[in-house]
*Asks:* 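My structure is below; once you've seen it, I'll send some questions.
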2 protein chains.
Amino acid sequence: MSTPTGSRRRADAVRNRRLALEAATALLSEPGAALTVEAIAKKVGLGAATVVRAFGGKDALLDAAVSGLLEPVVRRARDLLAETTPTRALHVFLRELLAFQTAHHGINDQLGGLDLPATTALRADLVRAVEEMIDGARREGTVRTDLDPGVTTTLIGQTALAVARARPPSQELADAYLTVLLDGLRPPAAP
Amino acid sequence: MSTPTGSRRRADAVRNRRLALEAATALLSEPGAALTVEAIAKKVGLGAATVVRAFGGKDALLDAAVSGLLEPVVRRARDLLAETTPTRALHVFLRELLAFQTAHHGINDQLGGLDLPATTALRADLVRAVEEMIDGARREGTVRTDLDPGVTTTLIGQTALAVARARPPSQELADAYLTVLLDGLRPPAAP
DNA sequence: AATCAACTGGAACGCACATTTCAGTTATCG
DNA sequence: CGATAACTGAAATGTGCGTTCCAGTTGATT
């Protein structure tokens with residue numbers, strides 16, 4: 001049903017599609033990378049036209065690359081929520097999220113203005129998961145309740161962005177961010 | 001000496017230069033603004049060529065606009081350092097800095113890749129002033145000393161960036177950021 | 001091997017910008 | 001009021017993209 005008379009899609013095209021995706025993904029981890037179609041094409045040794053066609057446009061290609069990176073992160077967030085307490089999930093997940101961001105700088109640099117539906121959907125999932133963590137942690141008394149929960153989530157997202165933007169990438173910086181963030185999110189000591 | 005035989009520069013040119021600068025400055029406070037030469041020109045009702053020529057290029061125009069906004073902020077930081085304790089200076093200044101960023105979103109959005117010498121210099125001054133505040137506050141025991149001072153400064157800068165990026169601009173969000181940041185920067189409670 | 005649709009990539013195109021050109025306009029000065 | 005040099009802005013130019021075209025190539029199917 002899916003491929004009626006054998007695959008109409010040639011093997012080399014499938015291979016090139018995979019190569020283009022891999023090259024785009026690799027570029028997302030390179031700090032100052034140009035993130036142009038030509039840069040991706042050059043990396044694989046293909047023509048620019050071929051790279052673009054494989055996914056139907058630059059945006060679709062990058063959407064696939066970014067969402068491919070993001071998908072395991074989102075799954076991890078949900079797994080943690082199921083496995084452990086919200087507070088522990090929040091702490092563990094934030095540590096991992098910042099490590100992820102440290103490893104993939106390009107991911108947030110030049111993506112503005114692009115249409116990335118799958119990525120946007122995943123981001124929404126991620127936000128939902130973090131909101132759950134915060135909500136639970138607040139109930140457990142480990143996160144301050146004097147701030148709007150949505151604001152707290154935004155704060156976390158922006159922290160992740162800031163880590164991704166750090167040049168050069170620095171795990172030390174990410175750790176410092178996390179320390180300050182978590183201490184700042186704790187309920188303020190009673191007078 | 002400066003204008004040997006009367007001004008060689010015509011009055012209308014001087015006026016247009018001022019108008020271009022004002023328009024560029026205004027655009028820096030508009031969230032989704034395009035920040036193109038044409039957008040600036042349209043705002044003043046001048047031709048694009050005139051706007052660019054007034055400063056010798058788009059970069060120079062924006063450099064003038066941004067540094068014009070930044071200059072009082074830097075002066076304020078230095079004044080606070082001279083007037084009061086480092087801790088108080090840090091708190092007061094951060095509040096004002098975040099309010100400034102809330103008011104001028106465009107300021108950090110599309111400035112990447114532009115050559116802004118005056119702005120860069122002012123930013124360096126600002127960083128120096130903040131470093132002084134932190135250094136003093138650490139000595140006063142109001143800021144944790146278990147983080148690298150430079151990292152702490154970067155953290156503050158990134159927080160300011162995050163506030164500038166908030167859409168829509170929100171003083172509430174800025175306040176939340178500040179609260180978390182300052183609490184996170186406090187020395188951790190002794191066991 | 002033969003056939004043919006799928007595929008490829010260099011070149012052409014379209015688009016958005018900043019910048020430069022240049023014929024016409026206008027402030028300024030004698 | 002001229003005369004002249006500064007100024008203006010619509011159009012032309014240059015640049016850096018993403019995308020599309022199309023003549024040539026190659027994998028798949030018989």
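The sequence lines fix the lettering, A, B, ..., with proteins before strands; numbering per chain opens at 1.
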*Asks:* A:K42 has an atom NZ; how far is it from atom P of C:dG9, in whole Å?
*Replies:*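 Roughly 16 Å, once rounded to whole Å.
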*Asks:* Reading nucleotides 2-16 of chain D 5' to 3', which nucleotides get B (base under 4.0 Å from a protein heavy atom), which S (sugar-phosphate only), which -?
*Replies:* ----BSBBB------
*Asks:* Take atom CG of B:L114 and atom C1' of C:dA18, then tell me their distance rounded to the nearest Å.
*Replies:*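 It works out to 11 Å between those atoms.
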*Asks:* Starting at atom NZ of B:K58, determine the distance to atom P of C:dA16, rounded to an integer number of angstrom.
*Replies:*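 Rounding to the nearest Å, NZ of B:K58 and P of C:dA16 are 15 Å apart.
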*Asks:* Just how far, in rounded Å, is P of C:dA18 from CZ of B:F55?
*Replies:*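 The distance from CZ of B:F55 to P of C:dA18 comes to 16 Å, rounded to the nearest Å.
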*Asks:* Write down the distance between CD (A:E38) and P (D:dT19), rounded to a whole number of angstrom.
*Replies:*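 Nearest whole value for this atom pair: 13 Å.
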*Asks:* Within a 6.0 Å radius of atom CZ on B:R88, are there more than 12 heavy atoms belonging to other residues, nucleotides or ligands?
*Replies:*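 No, because the 6.0 Å sphere around CZ of B:R88 holds 12 heavy atoms or fewer from other groups.
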*Asks:* Which whole-number value in Å describes the distance from A:L61 CG to D:dT19 C1'?
*Replies:*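 For the pair A:L61 CG and D:dT19 C1', the rounded distance is 14 Å.
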*Asks:* In this structure, how many angstroms lie between the C1' atom of D:dG18 and the CG atom of A:D115, rounded?
*Replies:*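 In whole Å, D:dG18 C1' lies 15 Å from A:D115 CG.
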*Asks:* Output the rounded distance in Å from CD1 (A:I40) to P (D:dC17).
*Replies:*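 Nearest whole value for this atom pair: 12 Å.
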*Asks:* Determine whether a donor-acceptor pair (N or O, by modelled atom type, separation under 3.5 Å) exists between the side chain of B:E140 and the backbone of B:T87.
*Replies:*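 Side chain of B:E140 to backbone of B:T87, a donor-acceptor pair under 3.5 Å: yes, one is there.
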*Asks:* Mark yes when over 12 heavy atoms from residues, nucleotides or ligands other than B:E38 sit less than 6.0 Å from its CD; otherwise mark no.
*Replies:*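 No, because the 6.0 Å sphere around CD of B:E38 holds 12 heavy atoms or fewer from other groups.
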*Asks:* For residues A:K43 and A:E30, report the shortest heavy-atom separation together with the two atoms involved.
*Replies:*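 So the minimum-distance heavy-atom pair works out to NZ-OE2, 3.1 Å.
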*Asks:* By salt bridge (charged side-chain N to carboxylate O under 4.0 Å, His left out), which residues pair with A:D135, not counting sequence neighbours?
*Replies:*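 Scan of A:D135 (salt bridge (charged side-chain N to carboxylate O under 4.0 Å, His left out), adjacent residues dropped) gives A:R139.
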*Asks:* Taking the side chain from B:T142 and the backbone from B:A137, do they hold a donor-acceptor pair closer than 3.5 Å?
*Replies:*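 Yes, because the side chain of B:T142 sits within donor-acceptor range (under 3.5 Å) of the backbone of B:A137.
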